[in-house]
*Asks:* 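Dropping the structure in here first, questions after.
It should be emphasised that the depicted structure is a prediction, and the values quoted were computed from it without experimental measurement. Each chain gets a letter, A, B and so on, in the order its sequence line appears, and its residues count up from 1.
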Amino acid sequence: MVTIKDIANAANVSPSTVSRVISGNSRISVATQEKVKKIMADFNYQPNHAARTLITKKSKTIGIIQKQGDKATRQNPFIIEVLSGVYIECKYHDYATISTTGEQTSEIIAEVKHLIQSHAVEGFILLYSKENDEIANLLKQHAIPYVVIGKPINNENVVHIDNDNILASQLLTRYLIDLGHKTFLFLAEMGDYEVVKDRIKGYKQTLKVANLKPSIMFTDLSRQQIINHLKALVTENALPTIIITSDTMLNQLVLSALYELNITIPEDIQTATFNDSYISAYAAPPQTAVDIQPQLLGKAAGESIIKLVKDSHIEYMNKIIPTHIINRCSTKKF
DNA sequence: ACCGTCATGGGCTATGTCAC
DNA sequence: GTGACATAGCCCATGACGGT
C-alpha cells in the first residue's frame with residue numbers, strides 16, 4: 001500500500017508537504033504541488049481512510065438505517081432507488097455510506113450501537129418514520145445527527161424528507177373515481193408506518209367526499225393470505241372494481257394472486273399502486289402507479305445529513321418531494 | 001513564502017515484568 | 001513454565017509551530 005511517506009520520499013519532500021498538497025494548502029509552491037501530484041498519480045496513491053479518521057475524528061461516512069424486514073424488504077425497488085439517491089449525493093460530497101443489514105429490530109440496534117461506539121459514522125439517515133421507534137430514540141440519546149425519510153411525528157429538531165402522502169392518495173383515489181370506480185379495496189402492509197397511515201387517510205377522505213365505502217385490508221405480505229381474501233370476495237360476489245396497493249411489492253403479490261384465480265386486469269378488475277418503479281412499468285399488464293420519486297428523496301436526505309454533520313446549527317427544515325400519477329394499462333375508463 | 005519537525009490520535013501487537 | 005498485566009511502539013495523516 002502506497003502511503004504519504006512513499007510519496008514524500010519519491011518527491012524528496014516531507015510527509016507534511018504531501019499532506020498540504022492533498023488538502024490544497026496555498027503555502028506550497030506551484031512547482032512542488034505539481035511534482036507531488038504527478039508522483040501521486042504515478043503511484044496511484046489513495047489516502048488511508050482509517051488514518052485520516054484517526055486524526056480528524058471525521059469518518060466521512062453516513063449510516064443508513066433500513067426498517068426491519070427480510071431480504072425481500074431490503075431489495076424493494078423503493079429502497080434501492082432511495083439508496084441510489086443517497087449514494088449519489090454522498091459521493092458528490094466525498095462521503096461514504098454504510099447500511100444496516102439486520103432483519104430484526106434487535107439486530108439493527110446492535111449494528112447502530114456498534115457504528116456509534118466505534119465512531120464509524122458521522123450521522124444517520126433513517127429510511128422510515130415510525131412512532132416510538134427504539135432506533136430513533138437511541139440516536140437521540142447519543143445526540144447523533146440524523147434525518148428521516150418519512151413523516152414528522154413530533155415537533156422535534158429532526159429534518160424529515162417526505163412526500164405529501166395524504167395528498168398523493170387523495171389524487172390517486174380521485175383519479176380512480178373519475179375513471180368510474182365505485183368499489184375499492186386498499187391493500188396495505190402491516191406495521192405502524194406513518195406512510196401507510198397517511199395513504200389510508202387520503203384514500204378514506206376522498207371516498208367519503210364521493211359518498212363511497214372504503215374497504216381496507218392489512219397483510220403481512222403473505223401471498224396465500226391475499227389469495228384467500230380475494231377468493232372469499234369472489235364467493236361473496238364482492239370483488240371490488242379496483243385494488244390499490246400501498247407498495248409495489250404488494251402490488252406484485254396481488255398480480256400473482258389474481259393470475260392464480262384467473263381474474264384478468266383490466267377486464268375483470270383494475271389495479272393501481274403506490275411507489276412506482278421499473279417493476280410496475282414492466283409488470284403484466286403495466287401498472288398505474290404513484291411515482292414518489294425515491295431517488296430525489298434519497299438525494300435530499302443525503303444533502304441534509306451532510307449539511308447537518310458539517311454544521312449542527314442549521315435550520316431544521318422539512319422537505320416535501322412532489323409525487324405524480326403514471327397512467328398505465330392496469331386502469332381504464334369504464 | 002515555503003517547507004520541515006514533531007506531537008497527536010485510538011487500536012492493536014510485541015515485548016517486558018512480575019507473581020505464582 | 002505459565003498467565004496476568006503493563007508498557008512501548010507502530011500504523012498514517014494532520015496541523016501547530018518554527019526555521020530558512
Side-chain angles (χ1 to χ4, degrees), chain A residues 1-66 83 86-126 134-147 157-159 299 301-314:
Chain A
M1 188 178 71
V2 180
T3 69
I4 208 166
K5 279 183 188 167
D6 300 320
I7 304 298
N9 286 335
N12 208 19
V13 295
S14 72
S16 60
T17 298
V18 177
S19 176
R20 287 190 186 112
V21 171
I22 294 167
S23 61
N25 190 308
S26 59
R27 286 200 304 163
I28 305 296
S29 67
V30 174
T32 304
Q33 283 184 45
E34 284 176 355
K35 181 171 70 175
V36 169
K37 280 177 182 172
K38 182 176 185 311
I39 291 169
M40 286 197 296
D42 290 346
F43 280 49
N44 193 24
Y45 166 75
Q46 295 295 329
N48 185 307
H49 187 70
R52 186 174 274 176
T53 300
L54 184 64
I55 191 71
T56 60
K57 293 192 176 63
K58 298 280 183 190
S59 64
K60 294 205 90 177
T61 302
I62 299 298
I64 301 168
I65 304 173
Q66 301 197 30
L83 290 177
V86 174
Y87 294 152
I88 290 168
E89 192 64 23
C90 286
K91 195 177 172 197
Y92 177 74
H93 293 280
D94 201 23
Y95 269 71
T97 55
I98 187 167
S99 180
T100 58
T101 56
E103 295 190 3
Q104 303 301 321
T105 302
S106 58
E107 293 173 314
I108 300 169
I109 287 176
E111 283 184 69
V112 171
K113 276 184 179 168
H114 175 73
L115 290 172
I116 294 171
Q117 283 159 7
S118 61
H119 306 285
V121 298
E122 293 182 40
F124 285 97
I125 296 172
L126 226 59
E134 288 178 73
I135 296 167
N137 290 337
L138 181 70
L139 299 178
K140 274 180 229 155
Q141 279 169 20
H142 286 84
I144 302 288
Y146 70 99
V147 305
N157 275 354
V158 177
V159 177
K299 284 185 84 170
E303 188 186 4
S304 294
I305 190 61
I306 288 169
K307 267 188 192 166
L308 203 57
V309 298
K310 284 183 174 171
D311 177 13
S312 57
H313 303 294
I314 72 159

*Asks:* Quick one: salt bridge (Lys or Arg N to Asp or Glu O under 4.0 Å) partners of Lys113(A), sequence neighbours excluded?
*Replies:*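 Counting only residues at least two positions away or on another chain, Lys113(A) forms no salt bridge (Lys or Arg N to Asp or Glu O under 4.0 Å).
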
*Asks:* Check the distance between dC12(C)'s P and Met40(A)'s CE and give it to me in whole angstrom.
*Replies:*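 Nearest whole value for this atom pair: 17 Å.
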
*Asks:* Do any side-chain nitrogens or oxygens of Thr17(A) fall under 4.0 Å of OP1 or OP2 in dC2(B)?
*Replies:*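 Checking dC2(B) against Thr17(A), no side-chain N or O comes under 4.0 Å of OP1 or OP2.
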
*Asks:* Can you list the residues that meet the side-chain hydrogen bond (donor to acceptor under 3.5 Å, both in side chains) rule with His93(A), with sequence neighbours excluded?
*Replies:*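 His93(A): side-chain hydrogen bond (donor to acceptor under 3.5 Å, both in side chains) contacts with Glu89(A).
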
*Asks:* Return the nearest nucleotide to the side chain of Tyr45(A); candidates are dC2(B), dC17(C), dA13(C).
*Replies:*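 Comparing dC2(B), dC17(C), dA13(C) against the side chain of Tyr45(A), the answer is dA13(C).
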
*Asks:* Classify the nucleic acid contact of Val18(A) as base, sugar-phosphate or nothing, counting any heavy atom under 4.0 Å across all strands shown.
*Replies:*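 Touches nothing.
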
*Asks:* Nearest whole Å is fine: how far is dT5(B) P from Ile4(A) CD1?
*Replies:*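 Answer to the nearest Å: 15 Å.
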
*Asks:* Got a sec, which residues hit side-chain hydrogen bond (donor to acceptor under 3.5 Å, both in side chains) with Glu303(A), two or more places apart in sequence or on another chain?
*Replies:*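 Result, side-chain hydrogen bond (donor to acceptor under 3.5 Å, both in side chains) vs Glu303(A): none returned.
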
*Asks:* Could you state the atom-to-atom distance from CD1 of Ile7(A) to P of dC12(C) in whole Å?
*Replies:*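 That distance rounds to 13 Å.
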
*Asks:* Calculate the interatomic distance between Glu34(A) atom CD and dC3(B) atom C1'; express it in whole Å.
*Replies:*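 Result: 17 Å.
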
*Asks:* Please give the angle, rounded to 10 degrees, between the axes at the start and the end of the helix from dA1(B)-dT20(C) to dC20(B)-dG1(C), where five pairs define each axis.
*Replies:*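 Angle reported: 50°, given to the nearest ten degrees.
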
*Asks:* Just checking Lys91(A): does its NZ atom have more than 12 heavy atoms from other residues, nucleotides or ligands closer to it than 6.0 angstrom?
*Replies:*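 Atom NZ in Lys91(A) is not crowded, with 12 or fewer foreign heavy atoms closer than 6.0 Å.
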
*Asks:* So, using side-chain contact (heavy atoms from CB on, under 4.5 Å) as the criterion, who are the partners of Glu111(A) when residues are at least two apart?
*Replies:*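 Partners of Glu111(A) under the side-chain contact (heavy atoms from CB on, under 4.5 Å) test: Thr100(A), Thr101(A).
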
*Asks:* Closest approach to the side chain of Ser29(A), judged atom by atom: which nucleotide of dC2(B), dT14(C), dG4(B) is it?
*Replies:*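 Nearest to the side-chain atoms of Ser29(A), counting from C-beta on, is dC2(B).
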
*Asks:* How many Å lie between NZ on Lys60(A) and P on dA13(C), as a whole number?
*Replies:*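 Interatomic distance, NZ of Lys60(A) to P of dA13(C): 15 Å.
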
*Asks:* Between P on dG4(B) and CZ on Arg20(A), what's the gap in Å once rounded to a whole number?
*Replies:*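 Value for this atom pair: 8 Å.
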
*Asks:* Can you name the side-chain hydrogen bond (donor to acceptor under 3.5 Å, both in side chains) partners of Ser59(A), sequence neighbours left out?
*Replies:*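 So Ser59(A) forms no side-chain hydrogen bond (donor to acceptor under 3.5 Å, both in side chains) with any residue.
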
